[in-house]
**Q** 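The structure is given below, and queries will be raised subsequently.
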Amino acid sequence: MQPLATNPVLIGPSILSADFRRLGEQIAEVEAASADFIHVDVMDGVFVPNISIGFPVVEAVQAATELPIDVHLMIVEPSRWVERFAAAGADTITVHAEVDPNLYRTLRAIEEAGAAPSVTINPGTPLIMLEPVLPIVRQVLIMSVNPGFGGQTFIPAALGRIRRLRQMLDEVNPTCRLEVDGGIKASNAGAVVAAGADTLVVGSAVYAPDTHIASAMYALRAEIDRDHHESDNR
Ligand code: DX5
Ligand code: ZN
């Protein structure tokens, strides 16, 4: 018999790719298929070349589900908005290190507002940018695509970054969650987990016009629940 996992891998569908005409139903479907949280992508058209959603949608998601809400802020000056997102229902708030000269203060403000502070960087940003704040966050997000759009292809170099970040976290904050976002599918989810991720965001792999949501969720879950020993492949 397998020992009980002490650190299960969480799956959080990103509603960016959902059908917004039926958002409540689309959330209920992933919840019924054992989603662990809902990921909400907020874009401002400045930090990323796209504009998505804001406070009213976070409030609607909160009204639609009991699941935790993971808000990913792809916006400049995130410190101006973190209290509002926490009040709207965000349980975790992720800010990009590239756009915040007062990262420490912003992460503390998220905590004070009652949400879990989380930090992220784009695929081209050195990991060392994260190092000063690793002790004070409850989640770090490794972007595996350049942010802005759903449905992009996973950047393989993210795997090495996940491995290095896992080592950095093991030294200073071992209970911190390591989330990965962008291009995750059943075909690469095992490798992402084997590299050290424990929290996966999935958009287009779950929400797509020709995809059966529950089947896609179970395929992902089956893939990440398998034993993945990186050393076996070396
Ligand atoms: C990208 C967003 C992602 C996106 C993921 O800017 O941060 O959360 O919705 O979508 P997929 O899984 O399709 O890459
Ligand atoms: Zn995201």
Side-chain angles (χ1 to χ4, degrees), residues 9-20 23 26-27 29-30 33 35-54 57-58 61 67-76 78 81-82 85 90-99 110 115-125 137 139-159 161-162 177-193 197 199-211 213 216-217 219-221 223-224:
V9 177
L10 308 183
I11 301 177
S14 161
I15 59 165
L16 187 63
S17 297
D19 180 347
F20 279 80
L23 184 57
Q26 297 252 292
I27 290 171
E29 282 193 58
V30 294
D36 297 291
F37 64 94
I38 300 294
H39 183 83
V40 180
D41 288 304
V42 177
M43 305 178 182
D44 67 354
V46 180
F47 178 59
V48 291
N50 198 4
I51 295 177
S52 57
I53 53 187
V57 174
V58 176
V61 173
L67 293 176
I69 302 174
D70 181 48
V71 172
H72 177 191
L73 297 182
M74 288 160 274
I75 62 175
V76 298
W81 306 109
V82 294
F85 278 105
D91 294 283
T92 301
I93 299 177
T94 301
V95 296
H96 275 262
E98 295 94 342
V99 287
I110 293 170
S118 169
V119 66
T120 188
I121 49 174
N122 284 350
T125 303
V137 291
Q139 174 174 280
V140 183
L141 166 58
I142 288 285
M143 290 305 300
S144 41
V145 298
N146 278 286
F149 304 93
Q152 300 183 81
T153 303
F154 184 87
I155 297 172
L159 291 174
R161 286 159 66 81
I162 296 165
R177 300 211 73 91
L178 199 168
E179 181 177 60
V180 181
D181 181 9
I184 296 182
K185 316 212 163 306
S187 57
N188 59 22
V192 171
V193 171
T199 305
L200 308 186
V201 175
V202 283
S204 55
V206 168
Y207 288 126
D210 52 353
T211 298
I213 290 175
M217 285 293 293
L220 278 160
R221 187 73 72 188
E223 198 45 50
I224 65 178

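Atoms within a ligand are numbered from 1 in the order they appear, just like the ligands themselves. Predicted model, so just to flag it, every value in this text is computed and none were measured.
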**Q** Compute the shortest N/O to N/O distance between Asn146 and ligand 1 and return yes if it is under 3.5 Å, no if not.
**A**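 In this structure, Asn146 places no N or O atom under 3.5 Å from an N or O of ligand 1.
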**Q** Report, rounded to 10°, the angle at the Zn ion (ligand 2) between the two atoms OD1 (Asp41) and OD2 (Asp181).
**A**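 Answer comes to 170°, rounded to 10°.
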**Q** Taking 4.0 angstrom as the limit and counting only heavy atoms of His72, give me the atoms of ligand 1 inside it, by number and element.
**A** 7 (O)
**Q** Considering distance alone, does some N or O of Ala205 sit under 3.5 Å from an N or O of ligand 1?
**A**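 There is no such contact.
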**Q** Would one find an N or O of Gly151, backbone or side chain, under 3.5 Å from an N or O of ligand 1?
**A**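 Yes, since at least one N or O of Gly151 sits under 3.5 Å from an N or O of ligand 1.
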**Q** Under a 4.5 Å cut-off applied to non-hydrogen side-chain atoms, are Arg161 and Ser144 in contact?
**A**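 The answer is no; the side chains never approach within 4.5 Å.
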**Q** What are the atoms of ligand 1, with element, lying closer than 4.0 Å to any heavy atom of Phe149?
**A**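 Answer for ligand 1: 1 (C), 6 (O).
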**Q** Check each atom of ligand 1 against the heavy atoms of Met74 and keep those under 4.0 Å away; list them by number with element.
**A** 6 (O), 7 (O)
**Q** Taking Thr199 for its side chain and Arg177 for its backbone only, find out whether a donor-acceptor pair lies under 3.5 Å.
**A**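 No, because the side chain of Thr199 does not come within donor-acceptor range (under 3.5 Å) of the backbone of Arg177.
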**Q** Would you say ligand 1 has an N or O under 3.5 Å from any N or O of Gly148?
**A**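 Yes, at least one N or O pair falls under 3.5 Å.
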**Q** Taking Asn50 for its side chain and Met43 for its backbone only, find out whether a donor-acceptor pair lies under 3.5 Å.
**A** no
**Q** At what distance, to the nearest 0.5 angstrom, does CG of Leu16 lie from CD1 of Ile53?
**A**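 It comes to 7.0 Å.
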**Q** For ligand 1, which atoms sit closer than 4.0 Å to a heavy atom of Leu16?
**A** 9 (O)
**Q** Is there a side-chain contact between Arg221 and Ile11, using heavy atoms and a 4.5 Å cut-off?
**A**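 Yes, their side chains come closer than 4.5 Å.
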**Q** For ligand 1, is any non-hydrogen atom under 4.0 Å from Ser14's backbone (N, CA, C, O), its side chain (CB onward), both, or neither?
**A**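 For Ser14, only side-chain atoms sit under 4.0 Å from ligand 1.
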**Q** Counting each atom of ligand 1 from 1 as listed, which ones have a heavy atom of His39 under 4.0 Å away?
**A** 8 (O)
**Q** With the side chain counted from C-beta on, respond yes when Ile93 and Trp81 share a heavy-atom pair under 4.5 Å apart, and no when they do not.
**A** no
**Q** Checking a contact table here: which protein heavy atom is nearest atom 13 (O) of ligand 1, and how many Å away?
**A**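 Looking only at protein heavy atoms, the one closest to atom 13 (O) of ligand 1 is Ser204 OG, 2.6 Å.
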**Q** Please lay out, stage by stage, how Asp70 and His72 fare under the test side-chain hydrogen bond (donor to acceptor under 3.5 Å, both in side chains).
**A** CA-CA 7 Å; Asp70 181 48; His72 177 191; over 6 Å; no
**Q** For Pro147, counting its heavy atoms only, list the atoms of ligand 1 lying under 4.0 Å from any of them.
**A** 6 (O)
**Q** So which atom in Leu67 and which in Asp91 form the shortest heavy-atom distance, rounded to 0.1 Å?
**A**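 For Leu67 versus Asp91, the nearest heavy atoms are O-OD2, 4.4 Å.
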**Q** So is Met43 in contact with ligand 1, going by heavy-atom distances below 4.0 Å?
**A** yes
**Q** Determine whether the side chains of Glu98 and Thr125 contain a donor N or O and an acceptor N or O closer than 3.5 Å.
**A**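 Note: Glu98 and Thr125 side chains meet the donor-acceptor criterion.
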**Q** For residues Gly54 and Phe85, report the shortest heavy-atom separation together with the two atoms involved.
**A** C-CE2, 4.2 Å
**Q** Could you say whether the N/O atoms of Gly150 and ligand 1 ever approach to under 3.5 Å?
**A**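 The answer is no, given that Gly150 and ligand 1 share no N or O pair closer than 3.5 Å.
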**Q** Quick one: the NE2 of His39, the Zn ion (ligand 2), ND1 of His72 angle, rounded to 10°, please.
**A**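 The NE2/ND1 angle about the Zn ion (ligand 2) sits at 100°.
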**Q** Can you tell me which residue and heavy atom of the protein come closest to atom 3 (C) of ligand 1, and the distance to 0.1 Å?
**A** Asp181 OD1, 2.9 Å
**Q** Just to confirm my output: which protein heavy-atom neighbour is closest to atom 12 (O) of ligand 1, and how far is it?
**A** Gly203 N, 2.8 Å
**Q** Is it true that a side-chain atom of Asp44 and a backbone atom of Val46 form a donor plus acceptor pair closer than 3.5 Å?
**A**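 Side chain of Asp44 to backbone of Val46, a donor-acceptor pair under 3.5 Å: yes, one is there.
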**Q** Answer yes or no: is there a side-chain heavy-atom contact under 4.5 Å between Leu23 and Val57?
**A**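 The answer is yes; the side chains approach within 4.5 Å.
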**Q** I need the atoms of ligand 1 closer than 4.0 Å to a non-hydrogen atom of Gly183, numbered in the order shown.
**A**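 So the answer, numbered in order with elements, is 11 (P), 12 (O), 14 (O).
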**Q** Please could you name the atoms of ligand 1 that Gly182 approaches to less than 4.0 Å, counting only its heavy atoms?
**A**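 Answer for ligand 1: 14 (O).
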